[in-house]
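Data first, discussion second: the structure below is written as structure tokens.
To find a chain, count down the sequence lines: A is the first, B the second, and so on, and within it residues start at 1.
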Amino acid sequence: MTRRARSFVALAALGVLGAVLVVAVTGLEPFGHYPGPYGDVLAKVVPDERHTGQLVAATVFDYRGFDTLGEEMILFAAVCGCAALLRVLRSEREEDEGAPARPVPSFAARAMSAALVGPVMVLGAYVVAHGHLTPGGGFSGGVVVAGALLLAYAGGQGLRLRRVGSITMLEGTEALGAAGFLALALAGLIATGALLKNFLALGTSGMLLSAGTIPVGNVAVGLEVAGAVALVFSEFLEQALLEDPE
Amino acid sequence: MSLLAYVVAVWLFVVGIYGVVTSRHLVHLVMCLSVAQASTYVLLLGIGYRKGGQAPIFGDIPSSTPVVDPVVQALTLTDVVVGATVSALLLALAVQAHKRFGSVDPDELNALRG
């Protein structure tokens with residue numbers, strides 16, 4: 001099929017699909033009139049049952065923690081797959097052992113990266129630690145921490161030496177986070193007989209140490225996401241550096 | 001006006017799939033898939049929206065305030081993570097395809113295989 005013919009077929013089919021979907025969404029509740037009831041139930045019970053006001057975190061790490069466990073495993077498996085796919089190519093490194101080292105990144109780039117690593121890392125840790133109090137949490141905070149790690153590479157000698165820090169350490173961080181969340185789930189099973197049960201003291205609402213297992217889950221997820229994102233980026237960066245010898 | 005968010009979701013989905021079908025570059029294809037995936041975020045958040053509702057976080061607001069639905073927001077969070085991992089995996093495959101076939105045009109990969 002030529003490109004043009006394929007475009008026409010795709011346009012026709014997607015036009016029909018789009019029309020059907022628009023008809024379908026007209027049958028939904030009008031925008032702004034969410035019918036409930038699950039969100040309303042959560043809004044009512046979470047502050048008393050879990051001593052936190054962060055309904056989304058309570059949903060993700062407690063009431064629907066089982067979904068998050070599955071999601072964690074998806075993330076872990078996908079990153080393992082990425083690492084495996086990109087690792088096969090590492091043998092190519094041997095071939096250009098003799099290639100000259102790349103020039104050092106400019107002073108401005110290195111200074112800026114070095115200056116930002118600390119603050120960004122602190123911001124990431126803050127977002128992770130306050131996930132049960134304010135917007136944020138392990139997923140978004142983990143990505144910020146990964147950003148700090150990548151800044152460290154950008155400012156360091158990584159680019160010049162064509163290798164990006166310790167992959168093993170990132171793999172370890174990611175695995176530790178995934179194992180941590182699994183251990184938290186199993187700890188609930190051992191302590192109370194129910195997987196992922198919130199078995200820790202709930203504390204006072206609004207305090208850093210409150211809401212039982214929710215902040216612990218945030219930290220575990222934060223570790224895993226930081227490791228995963230930094231690992232995937234390093235693998236791709238390494239590929240890019242291999243591809244482009246000069 | 002009340003349908004705008006839903007229609008935007010439908011549009012993102014359709015236009016993303018069109019990009020995937022007609023793409024001539026694997027990286028572009030993955031980006032188009034991300035666009036199609038973004039439609040699910042818009043749809044989910046649109047469904048959970050409540051007129052005048054606050055963010056579902058009772059920190060500075062009394063717990064009797066009407067809030068938007070936290071369940072669909074949690075679903076969207078899962079959605080974003082899965083979307084990111086799918087993109088990462090597909091991009092890794094694109095790197096492999098480029099190494100093996102020397103091309104990132106999906107059509108040429110087809111020809112080589114046949």
Side-chain angles (χ1 to χ4, degrees), chain A residues 3 6-7 9-11 14-15 17-18 21-22 24-26 28-34 36 38-40 42-44 46-47 52-60 64 67-68 71 74-75 77-79 81-82 85-86 88-89 92 133-135 137 139 206 225 228-229 232 235-236 239 243, chain B residues 1-7 9-11 13-15 17-18 20-22 24 39 43 46-53 55-61 63-82 84-89 91-93 95-96 98-99 107:
Chain A
R3 288 185 191 282
R6 188 165 56 183
S7 295
V9 173
L11 269 183
L14 289 170
L17 178 67
L21 285 176
V22 168
V25 295
T26 55
L28 287 173
E29 294 289 326
F31 183 64
H33 295 86
Y34 160 72
Y38 303 110
D40 295 328
L42 280 175
K44 206 162 287 170
V46 167
T52 176
Q54 227 287 31
L55 301 185
V56 180
T59 311
V60 169
R64 293 307 309 162
D67 299 347
T68 309
E71 179 192 353
I74 290 176
L75 178 62
V79 170
C82 258
L85 271 174
L86 296 174
V88 180
L89 310 173
E92 294 156 50
L133 304 173
T134 55
F139 289 101
V225 171
V229 173
V232 167
E235 297 273 5
F236 276 115
Q239 285 300 317
E243 294 243 316
Chain B
M1 223 13 217
S2 69
L3 276 178
L4 185 62
Y6 301 144
V7 174
V10 171
W11 168 251
F13 181 74
V14 168
V15 85
I17 297 295
Y18 179 75
V20 169
V21 173
T22 58
R24 304 185 65 167
S39 70
L43 183 69
I47 286 174
Y49 180 69
R50 169 168 286 168
K51 211 160 254 174
I57 295 169
F58 299 132
D60 304 321
I61 55 174
S63 57
S64 54
T65 324
V67 290
V68 301
D69 184 26
V71 178
V72 292
Q73 297 206 352
L75 282 174
T76 310
L77 183 58
T78 309
D79 202 353
V80 170
V81 174
V82 173
T85 57
V86 166
S87 297
L89 258 186
L91 287 172
L93 283 169
V95 170
Q96 275 281 28
H98 178 65
K99 293 263 177 189
D107 285 349

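Options A/Leu28, A/Val22, A/Leu17, A/Ile74 differ in how many heavy-atom pairs under 4.5 Å they form with chain B, and the most are formed by A/Leu28. Heavy-atom pairs under 4.5 Å with chain A peak, among B/Val80, B/Val10, B/Ile47, at B/Val10. Top candidate by heavy-atom pairs under 4.5 Å with chain B, chosen from A/Leu21, A/Thr59, A/Val56, is A/Val56.
With a threshold of 4.5 angstrom between heavy atoms, B/Leu91 approaches chain A through its backbone and through its side chain. For A/Glu29, the part sitting under 4.5 Å from any heavy atom of chain B is the backbone (N, CA, C, O) and nothing else. B/Val21 touches chain A through backbone and side chain together, each having a heavy atom under 4.5 Å away. For A/Leu14, the parts lying under 4.5 angstrom from a heavy atom of chain B are both the backbone and the side chain. Heavy atoms closer than 4.5 Å to chain A are found in both the backbone and the side chain of B/Leu93.
Using the six-membered ring where Trp is involved, B/Tyr6 and A/Phe31 have ring planes that are perpendicular, over 60° apart on the 30 and 60° scheme.
Once rounded to the nearest 0.5 Å, the distance linking CG of B/Asp79 with CD of A/Glu71 reads 9.5 Å.
Contact record, B/Thr85 with A/Ala78: CB-CB, 3.6 Å, taken as the closest heavy-atom pair. A/Gly81 and B/Leu89 make their closest contact through C-CD2, 3.9 Å (heavy atoms, listed as atom of the first residue, atom of the second, distance). In terms of heavy-atom proximity, B/Ala88 sits nearest to A/Phe236 at O-CZ, 3.6 Å.
Side-chain contact between B/Ile57 and A/Thr134 is absent, with no heavy atoms from C-beta onward closer than 4.5 Å. You'll find the side chain of A/His33 stays beyond 4.5 Å of the side chain of B/Arg50, heavy atoms only. When side chains are defined from C-beta on, B/Pro70 does not count as touching A/Tyr38, because their heavy atoms never get closer than 4.5 Å. For the pair A/Thr68 and B/Thr78, the minimum side-chain heavy-atom distance is 4.5 Å or more.
Note on residues 65-74 of chain B: pairs passing side-chain hydrogen bond (donor to acceptor under 3.5 Å, both in side chains), not counting sequence neighbours, are A/Tyr34-B/Asp69.
Applying the side chain to side chain contact (heavy atoms under 4.5 Å, CB included) test to A/Ala43 and every residue at least two apart in sequence or in another chain returns A/Leu55, B/Phe58, B/Val67.
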Side chain to side chain contact (heavy atoms under 4.5 Å, CB included) between A/Leu85 and B/Val95, intermediate numbers included: CA-CA 9 Å; A/Leu85 271 174; B/Val95 170; over 6 Å; no

